[in-house]
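Structure first, commentary second.
Just so it is clear: chains get the letters A, B, ... in the order the sequence lines come, proteins before strands, and each one is counted from 1. As the structure is a computational prediction, the values presented were derived from the model and not from experiment.
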Amino acid sequence: MRILYFGWVRTNIGLGTEEISLPPHVENVEDLIEFLRDQGDGYRAAFENIKAIRVAVDQEMADMATPLNGSKEVALFPPMTGG
Amino acid sequence: MRILYFGWVRTNIGLGTEEISLPPHVENVEDLIEFLRDQGDGYRAAFENIKAIRVAVDQEMADMATPLNGSKEVALFPPMTGG
Amino acid sequence: MIRVQKEDFDAGQEIRGISAKNVEVGGVASFIGLVRGANEESQITAMTLEHYPGMTEKILFGLESEARTRWQLEDVLIIHRYGELTPGEQIVLVITASAHREDALQSCQFLIDRLKTGAPFWKKEDTPAGSHWVESKAEDDTASERWLK
Amino acid sequence: MIRVQKEDFDAGQEIRGISAKNVEVGGVASFIGLVRGANEESQITAMTLEHYPGMTEKILFGLESEARTRWQLEDVLIIHRYGELTPGEQIVLVITASAHREDALQSCQFLIDRLKTGAPFWKKEDTPAGSHWVESKAEDDTASERWLK
């Protein structure tokens, strides 16, 4: 699965995109974040406050309970600041 | 006193401005309109529905009760359609 | 700044002038009113705008002052034309600039709503069936009154 | 129409293109967002806009569609830039055109309110003390939420 990071999620983790093979117990967005949190200090810092994290699954806004089966692309980022 | 007409008040009366010496009983805007109404058919048509008339005294919006003593310029016109 | 003129205006140039002037400006809102080629009932071949010279300038100046009091604005421009115009021609331009988008957007809407019912202009439309004075609209009064404090 | 680009835009030319195209247009509202030279705390020397290519276009297209559904619009243009910008530079342009001023003004405000919180852009500010990611503002959420039907 392709994972993308933006804003301070990206700068904390130190990369903008990566391909990850998810272990079978990762079924939804929350599981994914729990899994990523254990991948290193940058990940832990990025996902320290899960309330500040927004998520898009296959480029549609999603939430922590959104299932990931069949999804190709998950993006994790801070609240958007467009305009 | 200088009287100005705009919009369909002007086209009914057939002129845009005139100088009038007011008789002493004309004390406020309503008196002025009563007085003008008797000056001919165009005036009568213009002031047939007094509710549709707006007025400015010395270029400030006014109403029927506004006194005219000391005023130099009165304008009578339909509701404004700017913008 | 206010301008009452017969001549057309270049909205892009005016906007550029205002946004380029001041690095404190974070948002520039603008509105252009144009002569339409038809209204709900009929085709329109021309529109003539009559106004009250002297009072018009006073009213527009007063509207600019009120907008600057109610919102935090870096700049305000109102241009209103008079005379005979044809469909597609520009009638009015309002530009407001502020550090904050909300102040720019709200004050722009305030000014155009107020111009509709509170600035001494009268519009006459020419149609194939003849010419007539445009009637004021109840919805314009409502729009203007919502700004009463 | 929507455009996501690194390059600057000519707001005046875009407005002219939209108002000249169609004689049914009676009002053109626009908003330009610019990089300010300072915020409440500090001087700003540069702003970098990161975005999510692909999703950005989808979101902007969806916002245009929603605006066209909710209001009677003759035309819509959204241009949003990304990349590194300096104070005074233009970030975003929204133009809406309608037969009726209210539709143009309301939809323009709707689009800019929604872009603030709903389009996948993230702003980073450079200041003399270092650079930081801009935090989303509670007031922007409120402004965006008032458009929920």
For each of [options], tally heavy-atom pairs with chain D at distances under 4.5 Å, and name the one with the top tally.
options	answer
C:V25, C:I95, C:I44, C:I32	C:I32
C:S30, C:A20, C:A38	C:S30
C:V92, C:D140, C:V94, C:N22	C:D140
C:V28, C:D113, C:I15	C:V28

Please determine, among [options], the option with the most heavy-atom pairs under 4.5 Å with chain C.
options	answer
D:A29, D:A11, D:A143	D:A29
D:V35, D:I112, D:I91	D:I112
D:K116, D:R101, D:Q109	D:R101
D:Q13, D:Q90, D:H100, D:E139	D:H100

*Between C:W71 and C:W147, what is the ring plane arrangement, given parallel below 30°, perpendicular above 60°, and tilted in between?*
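Ring orientation of C:W71 relative to C:W147: perpendicular.
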*Would you sort out whether C:K6 and C:Y82 count as a side chain to side chain contact (heavy atoms under 4.5 Å, CB included), showing the intermediate values?*
CA-CA 5 Å; C:K6 214 169 163 24; C:Y82 60 88; 4.0 Å; yes
*Region of D:A99 that comes under 4.5 Å of a non-hydrogen atom in chain C*: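 Backbone plus side chain of D:A99, per the 4.5 Å heavy-atom cut-off to chain C.
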_Nearest atoms (heavy-atom pairs only) where C:G27 meets C:A104_ =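 Scanning both residues, the minimum pair turns out to be O-CB, 3.7 Å.
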*Minimum heavy-atom distance C:P128-C:S42, with the two atoms named*: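 Minimum heavy-atom separation between C:P128 and C:S42: CD-OG, 3.9 Å.
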Quick one: what part of [X] sits under 4.5 Å from any heavy atom of chain D, side chain, backbone, both or neither?
X	result
C:E102	side chain
C:E40	side chain
C:R16	side chain
C:D10	side chain
C:A97	neither

*Does the distance from a Lys or Arg side-chain N to an Asp or Glu carboxylate O, for C:R68 and C:D75, drop under 4.0 Å?*
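Between C:D75 and C:R68 there is a salt bridge, with a charged N closer than 4.0 Å to a carboxylate O.
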*Check: D:A46 main-chain N/O paired with D:E84 side-chain donor or acceptor under 3.5 Å*: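 Not a single qualifying donor-acceptor pair exists.
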*asked:* D:E125 vs D:E41, test: side chain to side chain contact (heavy atoms under 4.5 Å, CB included). Steps then yes/no.
replied: CA-CA 12 Å; D:E125 286 174 350; D:E41 287 104 42; over 6 Å; no
*Worked check of side chain to side chain contact (heavy atoms under 4.5 Å, CB included) between C:E14 and C:R3*: CA-CA 12 Å; C:E14 302 295 347; C:R3 300 207 309 253; 2.8 Å; yes
_Residue C:E135 excluded, over 12 heavy atoms near CD under 6.0 Å_ =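 Atom CD in C:E135 is not packed in, count stays at 12 or less.
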